[in-house]
Amino acid sequence: MNYWLIKSEPDAFSIDDLAARGAAGEPWDGVRNYQARNFMWHDMQIGDQVLFYHSSCKDVGVAGLAEVLSDAMPDPAQFDPESRYFDPKATAEKPRWYLRRFGFVRKFAHVVPLATLRAYPDLQQMMLLQRSRLSITPVRPEEWRIITELGLNQRPD
DNA sequence: GCCAACGTTGGC
DNA sequence: GCCAACGTTGGC
């Protein structure tokens with residue numbers, strides 16, 4: 001079992017949107033970075049646990065928890081000329097981009113802010129903090145423990 | 001909206 | 001295969 005962090009702009013797709021998908025989850029299309037793709041394609045496994053991160057928004061940080069629901073499959077958007085994720089170099093025989101389905105687990109009462117992560121000595125090695133533009137990054141067990149503890153122990157308003 | 005970081009593209 | 005130009009991401 002592995003731990004991961006995935007980023008999403010909540011204006012486009014938030015933790016609430018993921019919750020609304022229910023048990024079917026959401027196909028995570030549009031990943032167009034090779035390193036992120038390789039994590040998702042080769043290294044994830046069904047059942048892996050995921051931190052859901054909100055980027056490019058008012059409350060930047062970890063918004064809740066998700067999980068890997070499916071095996072990897074070719075991202076259909078790469079074949080669709082109408083899609084912003086269309087890739088003319090991808091073919092059905094040799095797809096370039098893959099996706100998996102992610103499912104909702106829970107939402108934190110409050111986002112655990114990026115600034116909080118940055119302030120924790122034990123989180124300094126997080127790949128998120130070192131490779132800030134990568135949309136999918138692995139998370140170490142100790143990092144998972146710290147962040148979920150922060151998220152789950154918050155008081156609701 | 002600005003701008004730094006950084007991944008990708010393409011000419012040579 | 002190098003590297004400059006370019007485009008995108010994402011925090012602030």
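First the proteins, then the strands, lettered A, B, ... as listed; each starts at 1.
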Spacing of [X] atom [atom1] relative to [N] atom [atom2], expressed in whole Å:
X: A/Leu114; N: C/dC12; atom1: CG; atom2: C1'; value: 11 Å
X: A/Asp11; N: C/dT9; atom1: CG; atom2: C1'; value: 15 Å
X: A/Lys7; N: C/dG11; atom1: NZ; atom2: P; value: 6 Å
X: A/Arg131; N: C/dG10; atom1: CZ; atom2: C1'; value: 15 Å
X: A/Asn33; N: B/dT8; atom1: CG; atom2: C1'; value: 10 Å
X: A/Tyr34; N: C/dT9; atom1: OH; atom2: P; value: 15 Å
X: A/Arg32; N: B/dT9; atom1: CZ; atom2: P; value: 12 Å
X: A/Asp59; N: C/dG11; atom1: CG; atom2: P; value: 12 Å

Anything under 3.5 Å between a protein N or O and an N or O of nucleotides 2-7 of chain C, put it in a table, one pair a line.
none

Any side-chain heavy atom of [X] within less than 4.5 Å of one from [Y]?
X: A/Leu5; Y: A/Glu143; value: no
X: A/Cys57; Y: A/Glu9; value: no
X: A/Trp4; Y: A/Asp43; value: yes

Practice task
Check whether any side-chain nitrogen or oxygen of A/Tyr53 sits under 4.0 Å from OP1 or OP2 of C/dT9, and answer yes or no.
Solution key: no
Closest non-hydrogen atoms of A/Met127 and A/Gln35, given as atom of the first, atom of the second and distance, are CE-NE2, 3.4 Å
For A/Tyr34 and A/Trp97, I'd like to know if the aromatic rings sit close, meaning centre-to-centre distance below 6.0 Å. yes
Assert: residue with more 5' nearest nucleotide on DNA chain B, out of A/Lys89 and A/Gln35, is A/Gln35
task = Tell me, yes or no, whether the heavy-atom count around A/Phe86 atom CZ, taken from other residues, nucleotides or ligands under 6.0 Å, exceeds 12.
result = yes
